[in-house]
Amino acid sequence: RKEVEQDPGPFNVPEGATVAFNCTYSNSASQSFFWYRQDCRKEPKLLMSVYSSGNEDGRFTAQLNRASQYISLLIRDSKLSDSATYLCVVSVNTGGFKTIFGAGTRLFVKA
Amino acid sequence: DVKVTQSSRYLVKRTGEKVFLECVQDMDHENMFWYRQDPGLGLRLIYFSYDVKMKEKGDIPEGYSVSREKKERFSLILESASTNQTSMYLCASSPSRGYGNTIYFGEGSWLTVV
């Protein structure tokens with residue numbers, strides 16, 4: 001079982017749609033959580049951190065459920081420019097720290 | 001803005017060649033990383049370093065070595081390139097040892113081994 005699992009997609013949605021991505025992690029010692037965005041043939045970049053109370057940044061909302069070991073990202077009013085791969089990222093306490101990247105969920109937003 | 005620079009963006013090498021991938025960061029970050037990214041497998045950590053002359057193996061170190069002689073520079077070495085090392089290689093850095101630190105990536109080096 002992968003340590004961080006995501007639905008690979010692709011998700012194909014029209015502009016203006018709301019889309020949700022889910023991510024599960026297996027290690028209960030996970031301490032920090034993030035969503036990164038990666039455009040085609042580009043490097044990943046931090047989209048947002050995910051806090052226990054949930055957090056919002058404009059059209060993006062991230063949620064964390066520690067009991068179920070589950071993270072989500074909601075994108076409202078999708079734009080063409082949201083087309084990218086979204087990576088779920090978890091930092092785990094292993095005595096040091098270890099950052100684990102999910103394989104990503106591909107999103108296509110169409111006009 | 002944090003800048004992580006990978007000097008070689010696109011390389012084609014022959015099987016058995018020695019390959020050097022160079023990475024420089026300009027923000028005095030303690031941590032530096034080398035990942036490879038393959039379709040369906042996501043990012044896999046090859047090696048990382050918390051300090052000058054320090055290195056630790058990641059998840060897939062076989063066939064690779066690294067060098068960190070200066071804080072800002074972290075090099076990945078393929079001693080004898082093989083076709084299964086064809087991949088996108090991403091260098092990254094982060095400020096310090098901690099769970100909440102953002103990881104900043106370079107633009108990537110696309111290596112093809114023929």
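Below, read A as the first sequence line, B as the second, and so on, with proteins coming before strands; counting in each chain starts at 1.
For B:R9, the CZ atom counts as densely surrounded, since its 6.0 Å shell holds more than 12 non-hydrogen atoms of other residues, nucleotides or ligands.
Hydrophobic clustering (side-chain heavy atoms under 4.5 Å, transitive across Ile, Leu, Val, Met, Phe, Trp, Tyr) keeps B:V19 apart from B:F33. Cluster membership check: B:I60 shares its hydrophobic cluster with B:L21, using side-chain heavy-atom separations under 4.5 Å among Ile, Leu, Val, Met, Phe, Trp and Tyr. A:V13 and A:F60 end up in the same hydrophobic cluster when Ile, Leu, Val, Met, Phe, Trp and Tyr side chains are linked at under 4.5 Å. A continuous path of hydrophobic side-chain contacts links A:V90 to A:W35 [ILVMFWY only; heavy atoms under 4.5 Å]. Linking Ile, Leu, Val, Met, Phe, Trp and Tyr whenever their side-chain heavy atoms come within less than 4.5 Å puts A:L73 and A:I100 in one cluster.
With a 4.5 Å cut-off on non-hydrogen atoms, A:K2 touches chain B through its side chain but not through its backbone. With a 4.5 angstrom heavy-atom cutoff, A:P44 touches chain B via backbone and side-chain atoms both. For a residue to count as touching a neighbouring chain, one of its non-hydrogen atoms must lie under 4.5 Å from one of that chain's; by this rule B:Y35 touches chain A with the side chain only. Heavy-atom distances place no part of B:L45 under 4.5 Å from chain A, backbone and side chain included.
Your options are B:L41, B:D38, B:I103, and the one with the most heavy-atom pairs under 4.5 Å with chain A is B:I103. Of the listed residues A:A103, A:P8, A:G102, the one with more heavy-atom pairs under 4.5 angstrom with chain B than any other is A:A103.
In this structure, the side chains of B:D59 and A:E3 stay at 4.5 Å or more apart for every pair of heavy atoms. In this structure, A:T99 and B:F48 have side chains that are not in contact, with every pair of non-hydrogen atoms separated by 4.5 Å or more.
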Would you sort out whether A:R41 and B:W110 count as a side chain to side chain contact (heavy atoms under 4.5 Å, CB included), showing the intermediate values? CA-CA 9 Å; A:R41 297 184 70 84; B:W110 295 84; 3.7 Å; yes

Could you go through A:L87 and B:L43, starting from their C-alpha distance and side-chain angles, then the distance that decides it, and tell me whether this counts as side chain to side chain contact (heavy atoms under 4.5 Å, CB included)? CA-CA 10 Å; A:L87 307 176; B:L43 277 84; 4.0 Å; yes

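Note: A:E43 CD to B:Q6 CD = 8.5 Å, rounded to the nearest 0.5 Å. The distance from atom CZ of A:F101 to atom CZ of B:R44, rounded to the nearest 0.5 Å, is 14.0 Å.
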Pairs of donor and acceptor atoms involving the side chains of residues 104-111 of chain A, under 3.5 Å and at least two apart or interchain, shall be tabulated with distances.
| from | atom 1 | to | atom 2 | distance (Å) |
| --- | --- | --- | --- | --- |
| A:T105 | OG1 | A:Q6 | NE2 | 3.3 |
| A:T105 | OG1 | A:D7 | O | 2.5 |
| A:R106 | NH1 | A:A84 | O | 3.2 |

Do any side-chain atoms of residues 15-24 of chain A form donor-acceptor pairs under 3.5 angstrom with protein atoms, and if so which ones, sequence neighbours left out?
| from | atom 1 | to | atom 2 | distance (Å) |
| --- | --- | --- | --- | --- |
| A:N22 | OD1 | A:Y70 | OH | 2.7 |

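Every residue two or more places apart in sequence or in another chain was checked for a side-chain hydrogen bond (donor to acceptor under 3.5 Å, both in side chains) with A:S30, and none qualifies.
If you look at A:Y36 and B:Y104, their ring centroids are not closer than 6.0 Å.
By a heavy-atom distance cut of under 4.5 Å, B:M88, B:L90 are the residues of residues 71-93 of chain B near chain A, going up by number.
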